[in-house]
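Worksheet: the structure to be examined is printed underneath.
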Number of protein chains: 2
Amino acid sequence: MSTSYQHQKAGDLNFLKHLNRSAILEMVRRVPGLTRADIATQAQLTKATVGSGVQSLLQQGWLKEGDLQKSSGGRPGRALHLNDDRHYLLGAEVGVHRLRLVACAPSGRVLASHHEPYTPSTPEATAALLGGALQQLISSPEVSNRENLGLGVALPGPVATGEAILRRAPNLGWRDVHFLELLHPHLPELKGVWLMDNEAKSAAFGELYLRTGKTPESLLYVSAGTGIGSGMAEGSHSPLLTRGVQGLAGEIGHTILQPGGLYCHCGNRGCAETLVSGWSIRASLGIDEKNDLIQALAPRLQEPDVTRTLRRAGEALGMLLLNLHHTQNPAEIVLGGSLTQLGSTFLEPALTYFETHQQRLLGTTQRVPLRVVEDSTFVAARGAAAQVLARAIHGPSSQTAHQSPIP
Amino acid sequence: MSTSYQHQKAGDLNFLKHLNRSAILEMVRRVPGLTRADIATQAQLTKATVGSGVQSLLQQGWLKEGDLQKSSGGRPGRALHLNDDRHYLLGAEVGVHRLRLVACAPSGRVLASHHEPYTPSTPEATAALLGGALQQLISSPEVSNRENLGLGVALPGPVATGEAILRRAPNLGWRDVHFLELLHPHLPELKGVWLMDNEAKSAAFGELYLRTGKTPESLLYVSAGTGIGSGMAEGSHSPLLTRGVQGLAGEIGHTILQPGGLYCHCGNRGCAETLVSGWSIRASLGIDEKNDLIQALAPRLQEPDVTRTLRRAGEALGMLLLNLHHTQNPAEIVLGGSLTQLGSTFLEPALTYFETHQQRLLGTTQRVPLRVVEDSTFVAARGAAAQVLARAIHGPSSQTAHQSPIP
DNA sequence: CCACTAAGTAAATAGCTCGAACATAGTATT
DNA sequence: AATACTATGTTCGAGCTATTTACTTAGTGG
């Protein structure tokens, strides 16, 4: 369904203005302290155009002026910065075991956050719960005097491009859920951009978009938790996410790593998730759903069967990372999710496998940097907030995320 | 290297004009017979803007007017068509065993083609050979009275984004080759767009871009030949190709399918290419490099060891397709390359595996269509020509492919 | 104190799209 | 056959945006 007509973007004259305004805003956001002259040379615009663009962004409260830079022989330019005090963004993640909420400044700085245990229930009940928690977050003093730009929700399952529907979340037991529509009644006065996306994709977006300075041209986020998923964000201006028609892109948990291996809940055999995932580790070590996996394993990390299981899972993750490197070839890989807290018993085999097998194809050229997020609690929620920001800056024309058709 | 500055596209006023012109041209190319009114409604432009845009495209010889359409109650609109007689595009592929050349009309129709056996030699000698063959093709009567728009070359190895360098072609024995620079002296008078890209990516681009009517939102091309590679093209206007930083995206031949399996020439074990590729089939059946694989196997298709080898290879391909489905989730998959000529002994296991395992994740919703190209001889070369066309239409601003900085 | 250089601003100019009125080509109606 | 009707395509002036050019401003170095 959705758009059978192909959206051919042809430009209104106003569109050009917005394009230039948002380009200026992006540049300052990415490189704080740029001057008007810097922008003019980099964006190939004239000083006059940049001047008027900056002026309107200053008036709207998106930018603010800073100090004079030191002169390079002539009049020194005035530094421009993102105005980080005027707006805020809401991001939320419905995880399999926790609800996580953040309110962010445009820079990505977390103003207020909250997380609480969660046991999967119906979409309706979850919406009510999340709605209440968000209401509380909104009323906190850190954000109450700011203007809200919208809300992004990250969910543990595929969300197809152009639709605000969670197709399937096996670990929640959900199917074809219009989550934003369920959530809206609980936050009736919240205006702005409303969007939802897959958890790993939101995280990937945020990790790339909220970085300042030199940014990699693409970034792959691998989320290793109860299930295992990934998201790839590409491009500097407003990164594009690869979603796939059904939103299945990045469902690496169900790629086959071991032909003829164990049966997966998806029905196939030897899926990556049967080797590396929260549920497969629980299954092979006999840890109940009710107990927290990390806490349950923490005192047992020296036991031989635990070590062996974690090492095997780690190696499988390393293989998975290598395969991703050869199919997506991101400029940077970020590894997050609750399993990263298992520590080196699990991570070391993964990293070692990846490092040693990675560069055999191209020789000893540059390596793909791999970063492990130490605390990934709010990464996805913050990423969803970042998607809201990108939407707010670039307007609904950008195909960055999926807005809900809220009436 | 290349661009350390992030190319922030901010719009010149002229840019807007070109944007609208090329959007109009794309729409007519995709849906032949559109009227000005159709364009106006679909592109959200006014009749006046479309009118002037069409007029200038008519004058430049890109479009031509057709018949009046039947009236729907009022004045009938005049059909517009791509002018297929004025321009032509050159595409070439350096394969491991053949050189393939085409000259295409803007519609993708092949005007003239040529292929000849090739034995890998130095880049310089290959450039000379290809240059000569192209010269001959250009002088053929079908194209000699048309205007050339440029040349695209498809190569069997990774080409990184933004660089016109073939990083590595294991099956040719090449490394870090600036092929366009080598080719240029042999075609000094050939102006227009010069670009090069990976063979599977060119093919993917062409298969998506040259289609008319309703087009899938993304397309994955899997090229199974001496090696095995893939390319993913996305988007309707001018499709984007996923390349990855080092151009390794789609190097699925070196994803690990069988941990601890056979050693691959890349140094790792159990790569997909050890299970399904021209060279692995040759190795396991003892067929010499000098003989054509397809011809050598044709009379032996009933032999048990051949059947078993091909069935195993087919199943591995099916697994690979499934993994691609779960990492890239394209709207359509096209399977090409010389191995498709091995027929059902090889293809059936692949298709069956893919069909039966595909839809376990989302239930019985829509299936991803998989098409096998019967004759894929010129698919990559034609795809490279398509990349040239896209470049010519959208201008160098589009990040569609990699132009060489020819002086 | 004065040239010099580069950043930012102001006013005039050029160019594109838009809106509204108008001409055009068929069809349905009388 | 003449006329009303409807939707397509065109023309022309208005509005808006980016550019050009000239000018002001803020530091540096002699």
Side-chain angles (χ1 to χ4, degrees), chain A residues 8-25 27-28 31 33-60 63-81 395 397, chain B residues 8-25 27-28 31 33-60 63-81 395 397:
Chain A
Q8 293 285 6
K9 259 304 147 201
D12 184 335
L13 190 58
N14 226 335
F15 160 79
L16 189 61
K17 189 171 92 175
H18 283 332
L19 188 78
N20 288 341
R21 298 283 192 279
S22 61
I24 292 170
L25 187 51
M27 291 174 73
V28 175
V31 185
L34 278 181
T35 66
R36 292 168 175 80
D38 295 334
I39 296 169
T41 46
Q42 283 184 38
Q44 308 243 48
L45 291 170
T46 58
K47 290 188 293 182
T49 309
V50 175
S52 69
V54 167
Q55 193 164 27
S56 80
L57 288 168
L58 285 169
Q59 278 169 4
Q60 290 168 42
L63 293 181
K64 61 183 177 189
E65 290 189 314
D67 297 332
L68 285 170
Q69 295 204 317
K70 46 185 154 179
S71 160
S72 58
R75 170 175 169 177
R78 189 163 288 279
L80 295 168
H81 296 277
S397 54
Chain B
Q8 294 285 7
K9 260 304 147 199
D12 183 334
L13 190 59
N14 225 335
F15 160 80
L16 188 62
K17 189 171 92 174
H18 282 329
L19 188 78
N20 289 342
R21 298 282 192 278
S22 61
I24 292 170
L25 186 51
M27 292 174 73
V28 175
V31 185
L34 278 181
T35 66
R36 292 168 175 80
D38 294 334
I39 296 169
T41 46
Q42 284 185 37
Q44 308 243 48
L45 291 170
T46 57
K47 291 187 293 181
T49 309
V50 174
S52 70
V54 167
Q55 193 163 26
S56 79
L57 287 168
L58 286 169
Q59 279 170 3
Q60 289 168 41
L63 293 181
K64 62 183 176 189
E65 289 188 314
D67 296 333
L68 285 170
Q69 295 203 318
K70 48 185 154 181
S71 161
S72 57
R75 171 175 170 177
R78 190 163 286 280
L80 295 168
H81 295 277
S397 54

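Below, read A as the first sequence line, B as the second, and so on, with proteins coming before strands; counting in each chain starts at 1.
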### Message
Can you see if the side chain of B:Ser71 gets near the phosphate of C:dG26 - specifically, an N or O under 4.0 Å from OP1 or OP2?
### Response
no

#### Entry: Phosphate OP1/OP2 of C:dC16: any B:Asn20 side-chain N/O under 4.0 Å
no

### Message
Nearest to the A:Arg75 side chain among C:dC18, C:dG15, C:dG8, which nucleotide is it?
### Response
C:dG8

### Query
Taking CZ from A:Phe15 and C1' from C:dC16, how many angstroms apart are they, rounded to a whole number?
14 Å

### Query
Rounded to whole angstrom units, what separation is found between the CD1 atom of B:Ile39 and the C1' atom of C:dT17?
16 Å

### Query
Nearest-Å distance, CG (B:Leu34) to C1' (D:dT8)?
14 Å

### Query
C:dC18, D:dT17, C:dT27: which one has an atom nearest the side-chain heavy atoms of A:Asn14?
D:dT17

### Any B:Leu13 side-chain heavy atom under 4.5 Å of A:Leu13 side chain
yes

## Note on the structure
Quick note, A:Lys47 side chain, CB onward, closest among D:dG9, C:dA7, C:dG26 is C:dA7

### Message
Using heavy-atom distances to pick each residue's nearest nucleotide on DNA chain D, tell me which of B:Gly73 and B:Ala79 is more 5'.
### Response
B:Gly73

### Query
What's the CD-C1' distance between A:Gln42 and C:dA7, to the nearest Å?
16 Å

### Task
In whole angstrom, give the distance that lies between atom CG of B:Leu68 and atom P of D:dA7.
17 Å

### Query
Which atom pair, heavy atoms only, marks the closest approach of A:Gln69 to A:Thr35?
OE1-CG2, 3.3 Å

### Message
Distance check, rounded to the nearest 0.5 Å: A:Ser56 atom OG versus A:Ile24 atom CD1?
### Response
7.5 Å

### Query
Within the structure, does a side-chain N or O atom of B:Arg78 lie under 4.0 Å from either OP1 or OP2 of C:dA25?
no

### Atom pair distance, as rounded to whole Å: CD in A:Gln44 and P in D:dA18
15 Å

### Message
Are B:Leu57 and B:Leu80 packed together at the side-chain level, in the sense that at least one heavy-atom pair is separated by less than 4.5 angstrom?
### Response
no

### Task
Using a heavy-atom cut-off of under 4.0 Å over every strand shown, decide if A:Ala48 touches base, sugar-phosphate, or nothing.
base

### Query
Is the distance from OP1 or OP2 of C:dT17 to the nearest side-chain N or O of B:Thr49 less than 4.0 Å?
no

### Query
Tell me: NZ of B:Lys17 to C1' of D:dT17, nearest whole Å?
15 Å

## Note on the structure
Testing C:dG8, C:dG26, D:dA18 for proximity to the side chain of A:Leu16, the answer is D:dA18

### Closest approach of A:Arg36 to A:Leu58 (non-hydrogen atoms, all atoms of both residues)
NH2-CD1, 3.8 Å

### Summary
Result for 5'-nearest mapping on DNA chain D, choosing between A:Lys70 and A:Leu13, is A:Leu13

#### Entry: Rounded interatomic separation in angstrom, taking CD1 from B:Ile24 and C1' from C:dC16
13 Å

### Query
Which part of the nucleic acid, if any, lies within reach of A:Thr35 when heavy atoms closer than 4.0 Å are counted: base, sugar-phosphate only, or nothing?
sugar-phosphate

